[in-house]
2 protein chains.
Amino acid sequence: MLLKFTYCDDCYSPLKKALYKNKSSIMSKNKTIVSKAKRKPKPAYQRIKESILRNIHSGRWQAGDVIPTEHALAEKFAVSRMTVNRALKELSEERVLYRRQGSGTFVAQQQYNHTVVEVRNIAADIKATGKQYKAQVVSQHRVVASEVSPPILALLTQPMLDDSPISQKSFQQREDSDLIDEVKLIHIADGKPLQYEERWVDASLVPGFIEQDFSIVNTSDYLIQQAPLQGGSYTIRAVAAPKKVAQALDLAVGAPALLLSRQTFSAGRVVTFVNMWHAGDSYQISGTL
Amino acid sequence: MLLKFTYCDDCYSPLKKALYKNKSSIMSKNKTIVSKAKRKPKPAYQRIKESILRNIHSGRWQAGDVIPTEHALAEKFAVSRMTVNRALKELSEERVLYRRQGSGTFVAQQQYNHTVVEVRNIAADIKATGKQYKAQVVSQHRVVASEVSPPILALLTQPMLDDSPISQKSFQQREDSDLIDEVKLIHIADGKPLQYEERWVDASLVPGFIEQDFSIVNTSDYLIQQAPLQGGSYTIRAVAAPKKVAQALDLAVGAPALLLSRQTFSAGRVVTFVNMWHAGDSYQISGTL
DNA sequence: TAGTGGTCTAGACCACGTT
DNA sequence: ACGTGGTCTAGACCACTAA
């Protein structure tokens with residue numbers, strides 16, 4: 001007699017049930033011999049995830065399809081619902097599945113077009129490569145809001161993106177008399193200028209900011225210490241280097257520069273806005289997915 | 001008499017215990033009156049997360065400090081250990097904490113310098129904004145590897161990053177006679193060219209690729225369907241637009257362009273390498289953190 | 001060896017969507 | 001009304017780390 005187990009790649013559960021049944025203590029003593037197999041038992045939720053991924057990659061489950069319910073999978077894999085729940089929750093965090101309460105769990109559209117980039121602390125990055133890091137302060141002073149150029153002031157006043165952590169409405173108007181700390185500095189690796197940083201900080205939110213020596217203290221590090229940051233928005237653009245940037249980075253005016261701009265929020269207000277300019281030929285953002 | 005509840009921001013648990021105790025059915029009937037308060041009860045794990053975050057932001061718990069054990073927190077918040085575990089697991093996934101089995105749970109270094117960027121499918125993005133999307137195929141043909149320019153061929157042969165999902169060593173050499181599919185096309189939104197895409201594909205890994213009509217089928221979408229992608233590497237740079245790009249995007253030669261390059265891997269080989277060029281003044285990568 | 005986190009159970013009540 | 005996922009319990013065994 002032949003048994004076919006189509007659709008059931010790996011539902012076996014290596015002596016799980018027996019082990020966790022604290023009620024079945026009768027048989028537990030004389031059965032422990034059965035499986036001395038040394039291979040580390042992969043966590044059940046992992047095996048479930050892998051099985052689901054196989055079903056998707058093989059095409060058996062197409063994008064948009066409903067997959068079996070938590071109850072059904074729990075029974076199939078002979079595990080508790082919580083374990084299945086963990087597998088499904090992680091897969092939906094990984095955007096392989098999506099879940100709708102009351103409806104079910106579905107296969108998501110495959111989206112390997114999504115690229116996740118990580119932009120890091122430049123000082124730490126330079127030091128990590130073994131190069132000598134130096135920060136040169138170009139200017140550093142406290143001004144009243146009315147002295148800040150309107151486009152910059154706007155970015156200190158309202159979010160630049162619609163889906164920002166803070167809604168436009170909840171923003172409060174800035175007074176002309178508000179104090180803004182302004183710092184401009186150059187980050188240098190082995191003598192080569194790598195980044196020109198222009199930063200504006202709401203002085204009322206980070207009182208001691210302008211007194212720091214930014215050739216020693218990293219601006220971001222200090223802000224992170226002082227203000228409980230809640231989120232931020234950023235943009236990455238390729239721009240023609242304006243004169244001030246060209247001078248700072250030792251470039252020709254109009255040369256391509258990578259500009260990373262970032263707003264950071266705390267307590268419903270913009271704590272800081274920063275422009276980070278990089279020479280196009282000596283800086284890139286990279287990573288893996 | 002005065003009771004002080006220092007260090008205990010929100011350990012109260014809104015009638016949780018009673019509700020879940022199916023044993024305490026004696027008192028359940030005449031006590032339900034107590035809290036008709038309509039405010040939606042936030043999940044317990046959320047309240048625990050928020051409490052921990054407050055402890056960190058207030059400076060009570062410093063980076064590197066051990067925080068109370070799961071058992072202790074479970075008791076403090078009057079919840080089960082699994083619930084505390086969920087809160088701590090999520091916070092460590094969010095890099096607020098880190099955990100070491102056998103040692104404890106610690107406050108991580110705050111790293112809001114890390115910016116995560118998401119680059120998406122441009123066709124879908126354009127359509128999502130309500131603009132009319134069009135793809136114009138510039139060229140499309142199959143060539144032997146020896147005809148591909150050496151720098152491009154290298155990117156089809158080996159990973160461009162050290163921390164790529166595939167190690168350099170495991171890479172196999174490419175034969176001159178290997179077939180490469182090459183496609184160049186322009187992505188247009190409401191008549192304005194937004195992206196110039198140059199793509200090379202290992203023809204042996206994606207057989208039908210070159211026969212597609214890429215004015216209809218998105219290159220990435222097709223590849224995702226055909227090959228089980230395992231990962232990728234990318235770089236983002238600001239470059240001066242070369243002539244071919246300038247023509248395609250209607251730019252001046254040398255104008256700043258945002259270049260996103262990406263390798264994608266499958267089965268230990270590079271499936272595809274793509275250069276995506278964008279006019280600096282009409283394209284930006286943005287997001288929130 | 002004692003204490004930590006990692007995983008798991010076999011139930012439970014609830015909010016939500018579909019019918 | 002019913003079935004789905006969301007959350008939670010009060011235990012349990014295990015692997016790991018440190019004393």
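In what follows, every chain begins at residue 1, and chains take the letters A, B, ... in the order their sequences are listed.
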* Structure fact -> When rounded to whole Å, the CD to P distance for the pair B:Glu70 and D:dA12 reads 16 Å
* Asked: For B:Asn85 and B:Glu70, does a side-chain donor sit closer than 3.5 Å to a side-chain acceptor?
  -> yes
* Test the A:Arg47-A:Phe77 pair against the cation-pi criterion, namely NZ or CZ under 6.0 angstrom from the six-membered ring centroid and within 45° of the ring axis. => no
* Asked: Taking atom C1' of D:dG6 as reference, at what distance in whole Å does atom CD of B:Gln46 sit?
  -> 12 Å
* **Side-chain N,O (A:Arg100) to OP1/OP2 (C:dC16) below 4.0 Å** => no
* Within less than 4.0 Å of OP1 or OP2 of C:dG5, is there a side-chain N or O belonging to B:Thr105? -> yes
* Asked: Does the side chain of A:Thr83 get closer than 4.0 angstrom to OP1 or OP2 of C:dT9 through an N or O atom?
  -> yes
* To do: Could you check how far NE2 of B:His71 sits from P of D:dA10, rounded to whole Å?
  => 13 Å
* Structure fact -> Nearest-nucleotide check on DNA chain C, A:Tyr45 vs A:Gly102; residue mapping nearer the 5' end is A:Tyr45
* Structure fact -> When rounded to whole Å, the CG to P distance for the pair B:Leu73 and D:dT9 reads 13 Å
* Residue A:Val79, side-chain heavy atoms: nucleotide from C:dT7, C:dT18, C:dT9 that is nearest -> C:dT9
* **Face-on cation placement of B:Arg262 at B:Tyr234 ring, 6.0 Å and 45° thresholds** => no
* Asked: What is the distance from CE of B:Met82 to C1' of C:dT7, rounded to the nearest Å?
  -> 8 Å
* Using a heavy-atom cut-off of under 4.0 Å over every strand shown, decide if A:Arg81 touches base, sugar-phosphate, or nothing. => base
* Please report, rounded to the nearest Å, how far the P atom of D:dG6 is from the CG atom of A:Leu97. => 11 Å
* Asked: Rounded to whole angstroms, how far apart are CG on A:Leu88 and C1' on D:dG6?
  -> 12 Å
* Asked: In whole angstroms, how far is the C1' atom of C:dG6 from the OH atom of B:Tyr98?
  -> 18 Å
* Asked: Are any of the side-chain heavy atoms of A:Trp61 and A:Ile52 separated by less than 4.5 Å?
  -> yes
* Non-hydrogen side-chain atoms of A:Thr157 and A:Val270 separated by less than 4.5 Å -> no
